[in-house]
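One structure is given here, and the rest of the page talks about it.
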Amino acid sequence: MLILLFVIISIFVIHHYEGQVNPELTYFDSFRTVLVFFLGEYGDTPRTFVGRVLSILLFILGIGIVGTFIGKISSVFVSMEME
């Protein structure tokens with residue numbers, strides 16, 4: 001739940017700060033940007049300092065979450081194979 005809350009807050013923060021530089025930015029564009037950064041891809045480069053810092057945090061958090069999820073799935077398969 002905490003991660004979901006962080007992603008939702010990130011969408012609003014990106015929209016607020018990047019929207020000042022790009023008035024055509026919609027909430028869907030902000031969601032897409034946050035999702036791309038969270039999944040470890042390199043999307044549109046944020047133009048503001050806050051956007052850049054947030055993108056780095058999303059990269060780190062996303063890599064940790066996805067890695068943990070893949071590790072958990074792998075451990076289930078290894079446990080099944082050992083039995």
Side-chain angles (χ1 to χ4, degrees):
M1 278 308 234
L2 190 60
I3 296 165
L4 181 63
L5 181 65
F6 179 71
V7 169
I8 291 171
I9 290 171
S10 298
I11 292 168
F12 287 108
V13 170
I14 287 287
H15 187 268
H16 176 73
Y17 285 100
E18 295 294 318
Q20 293 174 357
V21 179
N22 180 10
E24 297 176 0
L25 187 73
T26 64
Y27 280 105
F28 180 75
D29 291 335
S30 300
F31 169 73
R32 184 184 57 82
T33 301
V34 168
L35 185 64
V36 166
F37 282 132
F38 186 75
L39 294 177
E41 295 291 325
Y42 192 73
D44 300 333
T45 304
R47 297 181 187 161
T48 62
F49 177 74
V50 174
R52 290 179 180 159
V53 169
L54 190 59
S55 69
I56 292 170
L57 291 175
L58 286 166
F59 271 135
I60 294 170
L61 181 67
I63 290 169
I65 297 300
V66 171
T68 302
F69 181 70
I70 291 172
K72 185 65 176 169
I73 290 173
S74 299
S75 71
V76 168
F77 284 125
V78 168
S79 296
M80 287 174 35
E81 184 66 30
M82 291 179 71
E83 291 176 2

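Note that the structure is predicted; figures quoted are calculated from it, not measured.
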Quiz prompt | F38, CZ: over 12 other non-hydrogen atoms inside 6.0 angstrom | solution = yes
Self-check item: Heavy-atom pair with the smallest gap, counting every atom of H15 and L25
Solution: NE2-O, 3.3 Å
Self-check item: Shared hydrophobic cluster, I3 / V36 (ILVMFWY, side-chain heavy atoms < 4.5 Å)
Solution: no
Self-check item: Sidechain-backbone polar pair: E18 side chain, S30 backbone, donor-acceptor under 3.5 Å
Solution: no
Practice problem: Taking all non-hydrogen atoms of both residues into account, name the closest pair between I11 and Y27 and its distance. | Solution: CG2-O, 4.2 Å
Quiz item: If we only count heavy atoms from C-beta on, is the N22 to R47 side-chain gap below 4.5 Å?
Solution: yes
Quiz prompt | Rounded distance (nearest 0.5 Å) linking atom CZ of F77 with atom CD of E81 | solution = 11.0 Å
Quiz item: Honestly curious: do L54 and I65 fall in one hydrophobic cluster under the side-chain, below-4.5 Å linking rule?
Solution: yes
Quiz prompt | Interatomic distance, I14 atom CD1 to I9 atom CD1 [nearest 0.5 angstrom] | solution = 13.0 Å
Quiz prompt | Over 12 foreign heavy atoms within 6.0 Å of CZ, F59 | solution = yes
Quiz item: Hey, quick one: are Y17 and I56 part of the same hydrophobic cluster, counting side-chain heavy atoms closer than 4.5 Å, chains of contacts allowed?
Solution: no
Exercise. Check whether any side-chain heavy atom of S10 lies under 4.5 Å from a side-chain heavy atom of F37, and answer yes or no.
Key: no
Quiz item: Under 4.5 Å between any side-chain heavy atoms of V78 and M82, yes or no?
Solution: yes
Quiz item: Under 4.5 Å between any side-chain heavy atoms of L58 and F6, yes or no?
Solution: yes
